[in-house]
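Beneath this line is the structure, given in structure tokens, with notes to follow.
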Amino acid sequence: MSTLSLLEPRRCILQNLGIIPYEVAWERQRSLVNQRLQDPSLDDTLLLLEHPPVYTLGTGANTKFIKFDPQQSPILVHRVERGGEVTYHCPGQLVGYPILNLRYYQQDLHWYLRQLEEVIIQILNDYHLPGKRIPGLTGVWVNNYKVAAIGIKVKRWMTMHGFSINVCPDLEGFKQIIPCGIDTKPVGSLQQFLPEITVEEIQQKVAQKFSQVFQVQYISMID
């Protein structure tokens with residue numbers, strides 16, 4: 001059962017972290033989750049950031065979707081505890097890691113995934129871009145280009161990992177993989193449709209739409 005309409009907005013700490021190594025953000029997420037598993041009364045957190053080039057694979061991801069030898073790669077490759085296949089992160093791509101206690105929202109992973117997609121779709125609507133879901137898949141597409149990917153981990157209804165939006169990245173790194181195991185739909189970026197778009201602008205939009213969709217109130221914004 002959802003408590004969104006029954007309680008005051010959940011408090012959420014918003015942290016804009018800039019460009020930080022994947023391992024640093026990964027450890028920060030695990031620390032925040034562990035703190036909240038020990039004390040569920042702690043406020044939710046939304047981390048917004050970019051990563052230096054890195055490939056990540058979900059827990060059950062198949063290495064057949066990687067076109068290079070991970071042992072010989074100049075770019076770091078991490079297998080992490082999220083769901084989903086291989087993806088690529090790099091500057092120009094905005095990453096969001098919500099640390100939410102779904103017991104205060106809905107204890108339903110499909111609901112949570114659709115809400116994350118809704119945040120992105122509402123952002124695209126502001127730019128008159130037709131953000132679409134594809135039945136059976138997770139993420140958001142514009143004109144058949146995948147512009148946003150989602151991969152999550154939930155432990156005792158506490159979330160980590162999250163979403164990435166290709167704002168203005170160098171897409172070359174995606175050519176070395178079959179992103180999310182989907183070879184029939186290309187990866188794209190918002191820059192293809194909005195040449196002047198910036199990560200900073202989308203970061204502000206994400207904070208705004210995330211607050212509206214999840215009905216959270218930011219109690220502090222840490223840059």
For Tyr22 and Leu76, what are the C-alpha separation, side-chain angles and deciding distance, and is it a side chain to side chain contact (heavy atoms under 4.5 Å, CB included)?
CA-CA 9 Å; Tyr22 187 86; Leu76 290 173; over 6 Å; no
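- Under the 3.5 Å distance criterion, the side-chain polar atoms of Asn144 are left unmatched by any main-chain donor or acceptor of Lys185.
- Note that the CD1 atom of Ile120 and the CD1 atom of Ile202 stand 10.5 Å from one another [nearest 0.5 Å].
- Checked against Leu129 for a side-chain contact (heavy atoms from CB on, under 4.5 Å), the options Leu124, Val147, Ile123, Val140 give a single hit: Leu124.
- In the hydrophobic clustering of ILVMFWY residues, with side-chain heavy atoms under 4.5 Å counting as a link, Tyr145 and Val187 come out apart.
- Nearest approach of Pro169 to Cys90, heavy atoms of both residues: CB-SG, 3.5 Å.
- Ile182 and Ile152 end up in different hydrophobic clusters when Ile, Leu, Val, Met, Phe, Trp and Tyr side chains are linked at under 4.5 Å.
- Tyr88 and Phe174 have perpendicular rings, their planes meeting at more than 60° on a 0 to 90° scale where under 30° would count as parallel.
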Any chance you could lay out the side chain to side chain contact (heavy atoms under 4.5 Å, CB included) test for Asn143 and Phe193, step after step, and finish with the verdict?
CA-CA 10 Å; Asn143 295 350; Phe193 310 98; 3.6 Å; yes
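- Cluster membership check: Phe163 does not share its hydrophobic cluster with Leu171, using side-chain heavy-atom separations under 4.5 Å among Ile, Leu, Val, Met, Phe, Trp and Tyr.
- Taking every heavy atom of both residues into account, Glu117 and Thr138 meet most closely at OE2-CA, 3.5 Å.
- Judged by distance alone, with hydrogens and angles left aside, the side-chain atoms of Arg103 form no donor-acceptor pair with the main-chain N or O of Gln106 at under 3.5 Å.
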Run the numbers on Ile99 and Met160 for side chain to side chain contact (heavy atoms under 4.5 Å, CB included), then give the verdict.
CA-CA 5 Å; Ile99 312 297; Met160 64 180 293; 4.1 Å; yes
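- The CG atom of Leu190 lies 10.5 Å from the CD atom of Gln93; values are rounded to the nearest 0.5 Å.
- Note that CD of Gln203 and CG of Leu49 are 9.0 Å apart. Values are rounded to the nearest 0.5 Å.
- In terms of heavy atoms, Arg10 sits closest to Leu42 at NH2-O, 3.5 Å.
- Residues Gly188 and Asn166 share a closest heavy-atom pair of O-ND2, 3.1 Å.
- For the pair Pro179 and Lys146, the minimum side-chain heavy-atom distance is 4.5 Å or more.
- The side chain to side chain donor-acceptor pair (under 3.5 Å) test with Glu81 singles out one residue from Lys153, Arg30, His161, and that residue is His161.
- Linking ILVMFWY side-chain heavy atoms closer than 4.5 Å, directly or via other members, places Ile197 and Leu48 in a single hydrophobic cluster.
- Using a 4.5 Å cut-off between side-chain heavy atoms of Ile, Leu, Val, Met, Phe, Trp and Tyr, with links allowed through other members, Leu194 and Trp141 fall into different hydrophobic clusters.
- With salt bridges taken as basic N to acidic carboxylate O contacts below 4.0 Å, one links Arg133 and Glu118.
- Side-chain atoms of Ser31 and Glu27 form no donor-acceptor pair, as typed in the model, at a separation below 3.5 Å.
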CA sep, side-chain torsions, deciding dist, call: Tyr105, Phe214, side chain to side chain contact (heavy atoms under 4.5 Å, CB included)
CA-CA 8 Å; Tyr105 299 87; Phe214 284 94; 4.2 Å; yes
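- A donor-acceptor distance shorter than 3.5 angstrom exists from the side chain of His51 to the backbone of Ile20, with no hydrogens or angles considered.
- Among Thr159, Thr45, Asp43, the one residue that satisfies the side chain to side chain donor-acceptor pair (under 3.5 Å) test with Arg36 is Thr45.
- Expressed to the nearest 0.5 Å, how far CG of Leu57 lies from CZ of Phe65 amounts to 10.5 Å.
- Between Leu116 and Pro98, the closest heavy-atom pair is CD2-CG, 4.2 Å.
- Formation of a donor-acceptor pair under 3.5 Å by the Ser211 side chain with backbone atoms of Val216 is found in this model.
- Residues Val142 and Pro130 form a side-chain contact, since some pair of their non-hydrogen atoms from C-beta on lies under 4.5 Å apart.
- Taking the six-membered ring wherever Trp is involved, the centroid distance between the rings of Tyr55 and Phe68 falls below 6.0 Å.
- To the nearest 0.5 Å, atoms CG (Asn101) and CG (Asp44) are separated by 6.5 Å.
- For the atom pair CZ (Arg82) and OH (Tyr97), the distance works out to 8.5 Å, reported to the nearest 0.5 Å.
- A side-chain donor-acceptor contact under 3.5 Å links Gln192 to the backbone of Ser189.
- Considering every non-hydrogen atom in both Leu47 and Gln29, the closest pair reads CD1-CG, 4.1 Å.
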